[in-house]
Colleague: 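One structure, pasted below without further comment.
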Amino acid sequence: MGNVILLIIGVMIGYIATAIICVLKFFSNDEDIRAYVIWGLGSFSKVSGNQVYTFTGIMICLIPLSFLLIKTLNLMLLGESYARNLGLNVRQSRLYVIACSCVLTAIVTAYCGPIVFLGLAVPHLCRTIFQTSDHRILVPAVTLTGGALALVCNLIARLPGFEGALPVNSVTSLIGAPIVISVLFGKRKNEMNETI
């Protein structure tokens, strides 16, 4: 399956999800719509104590499974042909990686809302800090750095002076957007240097 087809499938799934959400919002009362909007802005404050225990239990089971994919991810860095020659079933491995990523993302999003830029910015930040693409270092580093950065953003969002708490997304965007922009400019600069 090509990258373009995968991208189109992702966009179509997004449209279907948006359509279902619009129908549900149409038949919902004002209180439910307000709760949905707050969830959509990203918030850790709505997670109760019992939910934290459930969330922690699920993550304790699932995060070690993602560590089992480290060797697969390192082999995939070599390219499809090399990975296939080393005995890796590339198609099956991709499915495992995508499934693991989707399940972990879906669970976190269900509890906290869509916290933007952390999943996009933190891996690039860790690559820059540790100067490596080795997933034996990156997977634990991204896990710890992502959690620490989310906590810092949540603390900033709850600083005194704001009524209640700001949405976490307002803080993560201010931190994550410059990182993503710098990565894009860095890649562009490297491509230009290679052509010269």
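Treat the numbers as computed from the prediction; the structure is a model and nothing was measured.
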Colleague: With a 3.5 Å cut-off and sequence neighbours excluded, list the donor-acceptor pairs that the side chains of residues 100-107 form with protein atoms.
Modeller:
unit_1	atom_1	unit_2	atom_2	d
Ser101	OG	Val97	O	2.8
Thr105	OG1	Ser101	O	2.7

Colleague: Before you tell me yes or no, could you show the steps for Leu125 and Thr128 under side chain to side chain contact (heavy atoms under 4.5 Å, CB included), namely the whole-Å CA-CA distance, both residues' side-chain angles and the distance that decides it to 0.1 Å?
Modeller: CA-CA 5 Å; Leu125 183 64; Thr128 305; 5.5 Å; no
Colleague: Given the rule in the side chain to side chain contact (heavy atoms under 4.5 Å, CB included) test, do Leu86 and Leu78 qualify, once you have shown the distances and angles that lead to the verdict?
Modeller: CA-CA 10 Å; Leu86 291 170; Leu78 301 172; 3.7 Å; yes
Colleague: Could you list the residues that satisfy side chain to side chain contact (heavy atoms under 4.5 Å, CB included) with Ser28, not counting sequence neighbours?
Modeller: Asp32, Ile33
Colleague: Sort and list the pairs that fulfil ring pair (Phe, Tyr, Trp, His ring centres under 6.0 Å) and have at least one residue in residues 10-39, not counting sequence neighbours.
Modeller: Tyr36-Trp39
Colleague: Can you name the closest pair of heavy atoms from Met59 and Pro64 and give their distance?
Modeller: O-CD, 3.9 Å
Colleague: Would you give the length of the straight line joining atom CG of Leu149 to atom CG of Asn154, rounded to the nearest 0.5 angstrom?
Modeller: 11.5 Å
Colleague: Would you mind listing the cluster partners of Leu151? Hydrophobic ones only (ILVMFWY), side-chain contacts under 4.5 Å, chaining allowed.
Modeller: Leu155
Colleague: My understanding is that only residues two or more places apart in sequence, or in another chain, count here; which of them pass salt bridge (charged side-chain N to carboxylate O under 4.0 Å, His left out) with Arg84?
Modeller: Glu80
Colleague: In the hydrophobic cluster built from side-chain contacts under 4.5 Å, what are the other members alongside Leu24?
Modeller: Ile16, Ile20
Colleague: Rounded to the nearest 0.5 Å, how far does CG of Leu73 lie from CZ of Arg94?
Modeller: 12.0 Å
Colleague: How long is the straight-line distance from CG of Leu174 back to CG of Asn169, given to the nearest 0.5 Å?
Modeller: 10.5 Å
Colleague: Taking ring pair (Phe, Tyr, Trp, His ring centres under 6.0 Å) as the cut-off, I'd like each qualifying pair that reaches into residues 99-141, sequence neighbours left out, listed once.
Modeller: Phe55-Tyr111
Colleague: When rounded to the nearest 0.5 angstrom, what distance separates CD1 in Ile129 from CD1 in Ile137?
Modeller: 12.5 Å
Colleague: Please say yes or no: joined through hydrophobic side-chain contacts below 4.5 Å, possibly via intermediate residues, are Leu68 and Ile58 part of one cluster?
Modeller: yes
Colleague: At their closest point, which heavy atom of Thr109 faces which heavy atom of Pro114, and how far apart are they?
Modeller: CG2-N, 3.8 Å
Colleague: Taking all atoms of both residues into account, what is the closest heavy-atom pair of Thr145 and Cys126, and its distance?
Modeller: OG1-SG, 3.5 Å
Colleague: Looking at every heavy atom in both Pro178 and Ser173, which two are closest together, and how far apart are they?
Modeller: CD-O, 3.9 Å
Colleague: In chain order, what residues pass the side chain to side chain contact (heavy atoms under 4.5 Å, CB included) check against Glu31, with sequence neighbours excluded?
Modeller: Asn29
Colleague: Which residues pass the salt bridge (charged side-chain N to carboxylate O under 4.0 Å, His left out) test with Arg136, not counting sequence neighbours?
Modeller: Asp134
Colleague: For a quick test of reading the model, state the closest non-hydrogen atom pair linking Ala150 to Leu118 and the distance between them.
Modeller: CB-CD1, 3.6 Å
Colleague: Could you name each residue pair satisfying side-chain hydrogen bond (donor to acceptor under 3.5 Å, both in side chains) that touches residues 52-72, not counting sequence neighbours?
Modeller: none
Colleague: For the side chain of Asn85 and the backbone of Ser81, is there at least one donor-acceptor N/O pair under 3.5 Å apart?
Modeller: yes
Colleague: Look at atom CZ of Phe67 and say whether more than 12 heavy atoms of other residues, nucleotides or ligands are closer to it than 6.0 Å.
Modeller: yes
Colleague: According to a hydrophobic-cluster definition based on side-chain heavy atoms being under 4.5 Å apart (Ile, Leu, Val, Met, Phe, Trp, Tyr only), do Val52 and Ile63 belong together?
Modeller: yes
Colleague: Between Pro123 and Val142, which heavy-atom pair has the shortest distance, and what is it?
Modeller: CA-CG2, 3.8 Å
Colleague: Enter the distance from Leu95:CG to Asn89:CG here, rounded to the nearest 0.5 Å.
Modeller: 9.0 Å
Colleague: A side-chain contact here means heavy atoms from C-beta on lying under 4.5 Å apart; do Ile175 and Cys153 qualify?
Modeller: yes
Colleague: List the residues meeting side chain to side chain contact (heavy atoms under 4.5 Å, CB included) with Tyr96, not counting sequence neighbours, and say none if there are none.
Modeller: Leu69, Gln92
Colleague: For Ser133, enumerate each residue passing the side chain to side chain contact (heavy atoms under 4.5 Å, CB included) test, keeping only those at least two apart in sequence or located in another chain.
Modeller: Leu77, Arg127
